[in-house]
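In what follows, every chain begins at residue 1, and chains take the letters A, B, ... in the order their sequences are listed.
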Amino acid sequence: MSTLQPVRGTHDLMFEDIRRHRHVQSKFSGIAERYGYSEIATPVFEATEVFARTLGDTTDIVTKEMYTFETKGGESVTLRPEGTAGVARAFVSEGLAQQAPLKFFYSGPMFRHERPQKGRQRQFHQIGVELLGVPGPQGDVEVIAMADHILKDLGLTGKITLELNSLGDHESRAAYRQVLIDFLSVRRDKLSAESRERLEKNPLRVLDSKDPADKEIVASAPRFPDHLNQISRDFFKAVQDGLGEIGIHFTLNPALVRGLDYYTHTAFEFTTEALGAQGTVLAGGRYDGLVQQMGGPPTAGIGWAAGVERLAMLLHELPALRRPFAIIPVGDAENAVAQKLCHRLRHAGFNVDLGYGGNMGKRMKRANKVNAVAALIIGENEVKQSVVTFRQLDSGEQVTVAMADLESHLALYR
RNA sequence: GCGGGCAUAGCUCAGUUGGUUAGAGCAUCUGGUUGUGGUCCAGAGGGUCGCGGGUUCGAGUCCCGUUGCUCGCCCCA
């Protein structure tokens, strides 16, 4: 047991793990591009205020989960805990308002100083999209449709359900918030300690408390949907109708909330039962107030982010790796020929493995271990006749192929 | 930040009421096979039993502490 360990909550990704990540990643970018989104890579760290200002001072992320440190120049910087703030900052600092509407997708590591557990790490990876400058419900529909599309393409249909809610516009939200506070304040003594705290900092959060006593109170609480004004109602209905028209199923969940002030209207989550306590696999919503809050012009925005680790855990089958051809020199005398052939075939586009040493038996073993389609054996006789012995490793069938014909012969087995 | 579980070979794990030299499977290496892998057979290497202390004639096993991992709470993707 080595004493040198990766930092708590971080992991080395290799072999099958990284293939899972790559698979998620490439499905995602392929589909995002199909929807007309272009990639953006913002820095993994930003000035601390980028996150502190946008996420809100009372959220756990800001109060206890950020990796914040001081640079040699005395600035406070923070490793990004999520992706939206960075994109919004780029929108403002690059003056992108002129080009709106803009459609971005991103992916990469995020950092939160939390207690690690299943589906939760201190360095984890997200994929996400942001649609900026589209105030209408068709934006919400598109972004959700894209999320659904990606999950389907990853083969996760059936394991995941879409939950939907509306937080209304600012007016509805403020009104409901007050109604809820009034309701809960009267029953304050019956609430759990945690919910009493939520009541102070983030009253909407009481709605999704897991405490049984809280649940009972919440069950009779005024409901958000009943307090939406006409504009918000119409907006929400348009989103639901839009999803219905393209056959995307969803469940309404009035308890689905977002604590921050800049969230408006649509909030959604794709959740699963398969990941223990971390059921949310992809979550997003509309954040029409965010860009303005960061000092930009009033700009509508909607987007989502998904946890790559969580998605990767749900994948059952990965696409098969391309099988290589193994080149096997029988003795040292054939090394140079083998090396040359290897180079030639790789440039012809074939996946070629050439071991670094050992006798023939060892090299055959290696060929087997790398799951080669065939071994190309080159010995004294083969060199003399300008051929290779081509052995299919699954069947053991063996034929002689002229060196000059190798490209066309290999193409049959690729 | 709070609570539970776990820690024995590279990996997955077994190890009895505390008792001799701590085991298995997989993986690795060697040989059976000097131009043939995957199967088979024979063998080998590999351990500070997480770390520190205590109890005991004797500790992988019991106790205390500590570190790490893991699951859950809070919160989140």
| No-H, no-angle donor-acceptor pair, A:Arg112 side chain to B:rA77 base, under 3.5 Å | yes
| query | Any chance the side chains of A:Arg188 and A:Ser185 put a donor and an acceptor closer than 3.5 Å? | reply | no
| Qualifying residue for side chain to side chain contact (heavy atoms under 4.5 Å, CB included) with A:Ile378, from A:Leu341, A:Thr389, A:Val387, A:Ile328 | A:Leu341
| field | B:rU21 pairs with, by Watson-Crick or G-U criteria that keep both distances under 3.5 Å | value | none
| Where each residue is assigned the nucleotide of RNA chain B containing its nearest heavy atom, which of A:Arg115 and A:Gly379 is assigned the position nearer the 5′ end? | A:Arg115
| In the strands shown, is B:rC2 matched to any nucleotide by a Watson-Crick or G-U wobble pair with both distances under 3.5 Å, and which? | B:rG72
| said: Below the 4.0 Å mark, does B:rC75 have OP1 or OP2 next to a side-chain nitrogen or oxygen of A:Arg198? | reply: yes
| In whole Å, what separates the P atom of B:rC13 from that of B:rU70? | 13 Å
| message | Measuring only the P atom in each nucleotide, how far is B:rA22 from B:rA59? A whole number of Å is fine. | response | 14 Å
| Partner of B:rA59 by Watson-Crick or G-U wobble geometry, both contacts under 3.5 Å, or none? | none
| Centroid-centroid under 6.0 Å between A:Tyr35 and A:Phe105 rings | no
| query | For the pair made of CG in A:Leu256 and C1' in B:rC76, what is the distance, rounded to whole Å? | reply | 13 Å
| task | Measure from CZ on A:Phe390 to C1' on B:rG37 and round the result to the nearest Å. | result | 15 Å
| message | Taking any heavy-atom pair under 4.0 Å as a contact, classify A:Gly331: base, sugar-phosphate, or nothing. | response | nothing
| query | Just checking A:Glu269: base, sugar-phosphate only, or nothing, at a heavy-atom cut-off of under 4.0 Å? | reply | nothing
| message | Taking the basic N atoms (NZ, or NE/NH1/NH2) and the acidic carboxylate oxygens, is any pair closer than 4.0 Å for A:Arg344 and A:Glu407? | response | yes
| said: Pick the closest RNA chain B nucleotide for A:Glu309 and for A:Lys118 by heavy atoms, then say which residue is nearer the 5' end. | reply: A:Lys118
| request: Please determine if A:Glu200 and A:Arg196 form a salt bridge, counting it only when a charged side-chain N lies under 4.0 Å from a carboxylate O. | output: no
| said: Side chains of A:Val330 and A:Glu380, heavy atoms from C-beta outward: is any pair under 4.5 Å? | reply: no
| task | Identify whether any heavy atom of A:Gly128 sits under 4.0 Å from a base atom; if not, whether one sits that close to sugar-phosphate; answer base, sugar-phosphate or nothing. | result | nothing
| For atom P, what is the distance between B:rC40 and B:rG25, given to the nearest Å? | 13 Å
| Rounded to whole angstroms, how far apart are CG on A:Leu204 and P on B:rC75? | 13 Å
| request: Please report, rounded to the nearest Å, how far the C1' atom of B:rG38 is from the CD1 atom of A:Ile328. | output: 12 Å
| request: Using the six-membered ring of A:Phe183, assess whether NZ or CZ of A:Arg187 lies under 6.0 Å from its centre and within 45 degrees of the ring axis. | output: yes
| Is the base of B:rG35 touched by the side chain of A:Asn359 through a donor-acceptor pair closer than 3.5 angstrom? | no
| said: When the P atoms of B:rG46 and B:rG18 are compared, how many Å lie between them, rounded to an integer? | reply: 31 Å
| message | Rounding to an integer number of Å, can you tell me how far A:Glu114 CD sits from B:rC71 P? | response | 14 Å
| message | Under 6.0 Å from the ring centre and within 45 degrees of the ring axis: does the NZ or CZ of A:Arg414 meet both conditions for the six-membered ring of A:Phe350? | response | yes
| request: Would you mind reading off the distance between A:Met313 atom CE and B:rA77 atom P, rounded to a whole angstrom? | output: 15 Å
| Member of A:Arg366, A:Arg346, A:Arg323 meeting the salt bridge (charged side-chain N to carboxylate O under 4.0 Å, His left out) criterion with A:Asp353 | A:Arg366
| Distance, C1' atom - from B:rC62 to B:rC29, rounded to whole angstrom | 40 Å
| query | On a whole-Å scale, what distance lies between the P atoms belonging to B:rU66 and B:rA77? | reply | 34 Å
| remark: In whole angstroms, the gap separating C1' of B:rC74 from CG of A:Asp214 amounts to 13 Å
| message | Could you tell me the Watson-Crick or G-U partner of B:rU66, where both distances fall under 3.5 Å? Say none if there is no partner. | response | B:rG50
| remark: Side-chain atoms of A:Arg8 come closest, of B:rC69, B:rG1, B:rG35, to B:rC69
| field | Closest nucleotide among B:rA77, B:rG38, B:rC76 to the A:Lys365 side chain | value | B:rG38
| remark: Among B:rG37, B:rA77, B:rC75, the one nearest any side-chain atom of A:Arg391 is B:rG37
| request: Kindly say whether, by distance alone, the side chain of A:Asn368 makes a donor-acceptor pair under 3.5 Å with the base of B:rG38? | output: no
| So what does A:His11 hit on the nucleic acid, given a heavy-atom distance under 4.0 Å: a base, only sugar-phosphate, or nothing? | sugar-phosphate
| field | Of the listed nucleotides B:rG37, B:rC75, B:rA77, the one nearest the side chain of A:Gln126 | value | B:rA77
| message | Please determine whether a side-chain nitrogen or oxygen atom of A:Gln117 lies at a distance below 4.0 Å from atom OP1 or OP2 of B:rG72. | response | yes
| Residue A:Glu382, side-chain atoms from C-beta onward, closest of B:rC75, B:rU70, B:rG35 | B:rG35
| note | A:Val330 has its side chain closest, among B:rG35, B:rG3, B:rA77, to B:rG35
| field | Given B:rU36, B:rC73, B:rG37, the nucleotide with the shortest approach to the side chain of A:Leu393 | value | B:rG37
| Would you say the side-chain atoms of A:Tyr287 and A:Gln293 include a donor-acceptor pair closer than 3.5 Å? | no
| For atom CG of A:Asp394 and atom P of B:rU39, their distance in whole Å | 13 Å
| query | Is there a Watson-Crick or G-U wobble partner for B:rA27 with both distances under 3.5 Å, and if so, which one is it? | reply | none
| task | Compare the minimum distances between each of B:rA77, B:rU36, B:rG35 and the side chain of A:Gln398, then state the nucleotide with the smallest one. | result | B:rU36
| query | Watson-Crick or G-U wobble partner for B:rC40, using a 3.5 Å limit on both distances? | reply | B:rG32
| said: On the nucleotide B:rU36, are OP1 or OP2 found under 4.0 Å from the side-chain N or O atoms that A:Lys362 carries? | reply: no
| Quantified in whole Å, what is the P atom distance between nucleotide B:rG43 and nucleotide B:rA24? | 12 Å
| With sugar-phosphate meaning primed atoms plus P, OP1 and OP2, does A:Ile377 contact a base, only sugar-phosphate, or nothing at under 4.0 Å between heavy atoms? | base
| query | Quantified in whole Å, what is the P atom distance between nucleotide B:rU28 and nucleotide B:rG23? | reply | 23 Å
| query | Under 4.0 angstrom, heavy atoms only, what part of the nucleic acid is A:Gln121 near: base, sugar-phosphate, or nothing? | reply | base
| Can you find a donor-acceptor pair, distance only, under 3.5 Å between A:Arg120 side chain and B:rC75 base? | yes
| remark: Winner on side-chain proximity to A:Lys369, out of B:rC74, B:rU28, B:rA77, is B:rU28
| message | Given B:rG37, B:rC73, B:rC69, identify the nucleotide with an atom nearest to the side chain of A:Met364. | response | B:rG37
| With a 4.0 Å cut-off on heavy atoms, is A:Ala305 in touch with a base, just the backbone sugar-phosphate, or nothing at all? | sugar-phosphate
